[in-house]
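Here the structure is laid out as structure tokens; the discussion comes afterwards.
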Amino acid sequence: MKKIIIGNLKANLTPNSTRDYLHNLDSMTLNENCETIILPNQASLLENNFKNLNIGVQNAYPIHSGAFTGEIGLDILNELKINTILLGHSERRELKEGYSLILEKFNFFKNHNFKIILCIGEGISQKNGGRIDEFLLLQLKDIDLDYENLIIAYEPLWAVGSGVTPTLEEIGKIINNLKIYGVKKAIYGGSVDIHNAKSIINITDGLLIGGASINFEEFAKIINIA
Ligand code: PGA
């Protein structure tokens with residue numbers, strides 16, 4: 001099975017620099033054993049017609065179109081041929097995107113056959129309280145784990161953007177427990193960089209990368225060592 005490497009550009013890069021980034025990365029020789037997905041900012045989305053890259057969206061609203069100020073819906077994504085979506089990222093959960101809206105989005109985009117990357121992860125208090133597994137399973141409640149286009153991204157909140165990661169043993173244990181619970185594909189995200197990418201990808205189905213994906217040359221190096 002191909003490993004999955006996802007670059008989450010968040011609110012970085014402008015429309016012009018995103019276009020350059022995507023064309024530059026797409027023209028490089030990239031590891032064929034990896035599926036590379038890039039999630040540009042909403043304002044910088046381009047049609048998903050690259051040779052080696054799959055373009056996905058960082059978030060969307062579960063509607064076709066309509067009176068939803070500031071949101072984008074399915075009609076826009078269909079025209080851009082985008083059928084990959086990230087859901088439940090901790091930065092959105094922090095903005096008060098809650099369980100029921102995430103579930104609604106999951107079901108809507110599942111019904112439209114999207115590839116769904118669903119982020120789950122514990123905060124520092126759950127970690128210190130020894131309640132990681134319990135908390136992660138709560139975030140998977142009512143999610144159809146048999147959906148074939150589902151990828152679960154394990155991203156501890158305290159590891160995102162902090163430069164700190166769990167140990168390999170801790171990551172391996174969580175991934176293993178998720179698989180026992182019925183998750184088919186489980187990737188890791190949170191402070192992945194050129195130094196730790198290889199050892200982490202070896203024990204997971206892939207990586208979700210924020211900061212270290214912003215520079216296309218650095219990101220290509222990660223794809224190629226993974
Ligand atoms: P990071 O972000 O790699 O900068 O920690 C990961 C993410 O937010 O998905």
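- Considering every non-hydrogen atom in both F135 and Q126, the closest pair reads CE1-NE2, 3.5 Å.
- Counting only residues at least two apart or in different chains, side-chain hydrogen bond (donor to acceptor under 3.5 Å, both in side chains) contacts with residues 76-85 comprise E47-K81, N54-T84.
- Other residues sharing a hydrophobic cluster with I117 under the 4.5 Å side-chain heavy-atom criterion for ILVMFWY residues are I4, I6, I37, L39, L86, I151, I187, L208.
- The shortest distance between side-chain heavy atoms of L25 and I38 falls below 4.5 Å.
- Linking Ile, Leu, Val, Met, Phe, Trp and Tyr whenever their side-chain heavy atoms come within less than 4.5 Å leaves L101 and L140 in two separate clusters.
- Among residues at least two apart or in separate chains, there is no side-chain hydrogen bond (donor to acceptor under 3.5 Å, both in side chains) pair with a member in residues 213-223.
- Judged as a ring-ring contact (aromatic ring centres under 6.0 Å, His included), the pairs with a partner in residues 59-82 (not counting sequence neighbours) are, in order, Y61-F68, H64-F108, H64-H112.
- Using modelled atom types, one side-chain atom of N111 and one backbone atom of N107 make a donor-acceptor pair closer than 3.5 Å.
- Applying the salt bridge (Lys or Arg N to Asp or Glu O under 4.0 Å) rule to pairs touching residues 3-17 yields K10-E91, sequence neighbours excluded.
- Counting only residues at least two apart or on different chains, the ring-ring contact (aromatic ring centres under 6.0 Å, His included) pairs with a member in residues 6-39 are H23-F50.
- Residue K96 places its NZ atom among 12 or fewer non-hydrogen atoms of other residues, nucleotides or ligands, all under 6.0 Å distant.
- In this view, S17 and L13, T14 satisfy the side chain to side chain contact (heavy atoms under 4.5 Å, CB included) rule, not counting sequence neighbours.
- Placement of I72 and F109 within a single hydrophobic cluster is found when ILVMFWY residues are connected by side-chain heavy-atom separations under 4.5 Å, directly or transitively.
- A heavy-atom distance below 4.5 Å is not found between the side chains of E148 and K185.
- Of all heavy-atom pairs between A186 and L178, the closest is CB-CD1, 4.4 Å.
- Contact check for I200 versus L207: side-chain heavy atoms found under the 4.5 Å cut-off.
- In terms of hydrophobic clustering, with Ile, Leu, Val, Met, Phe, Trp and Tyr side chains grouped at heavy-atom distances under 4.5 Å, I174 and I209 are assigned to a common cluster.
- Identified under the ring-ring contact (aromatic ring centres under 6.0 Å, His included) test for residues 187-226, with sequence neighbours left out: none.
- Under the 4.5 Å side-chain criterion, counting only non-hydrogen atoms from C-beta, I102 is in contact with R93.
- Sorted by first then second residue, the salt bridge (Lys or Arg N to Asp or Glu O under 4.0 Å) pairs that include residues 170-179, not counting sequence neighbours, are K127-E170, K179-D205.
- Judged as a side-chain hydrogen bond (donor to acceptor under 3.5 Å, both in side chains), the pairs with a partner in residues 26-36 (not counting sequence neighbours) are, in order, E35-K115.
- Residues L150 and I143 form a side-chain contact, since some pair of their non-hydrogen atoms from C-beta on lies under 4.5 Å apart.
- The two residues N48 and I55 come nearest to each other via the heavy atoms OD1-N, 2.9 Å.
- Contacts of S162 classified as side chain to side chain contact (heavy atoms under 4.5 Å, CB included), with partners at least two apart in sequence or in another chain: V164, S191.
- Between H89 and Q58 the shortest side-chain heavy-atom distance does not fall below 4.5 Å.
- The cluster map of Ile, Leu, Val, Met, Phe, Trp and Tyr, joined by side-chain heavy atoms under 4.5 Å apart, puts L157 and L136 in different clusters.
- Counting heavy atoms from C-beta outward, N12 and N41 have side chains that stay 4.5 Å or more apart.
- The ring-ring contact (aromatic ring centres under 6.0 Å, His included) pairs that include a residue from residues 152-184 number zero, where partners must be two or more places apart or lie in different chains.
- G190 approaches T165 most closely through the heavy-atom pair O-CG2, 3.3 Å.
- Residues L103 and I63 do not share a hydrophobic cluster, defined by chaining ILVMFWY side chains whose heavy atoms lie under 4.5 Å apart.
- Taking the side chain as every heavy atom from C-beta outward, Y99 and L138 never approach each other to under 4.5 Å.
- For the residue pair L22 and P40, the shortest heavy atom distance occurs at CD1-CG, 4.5 Å.
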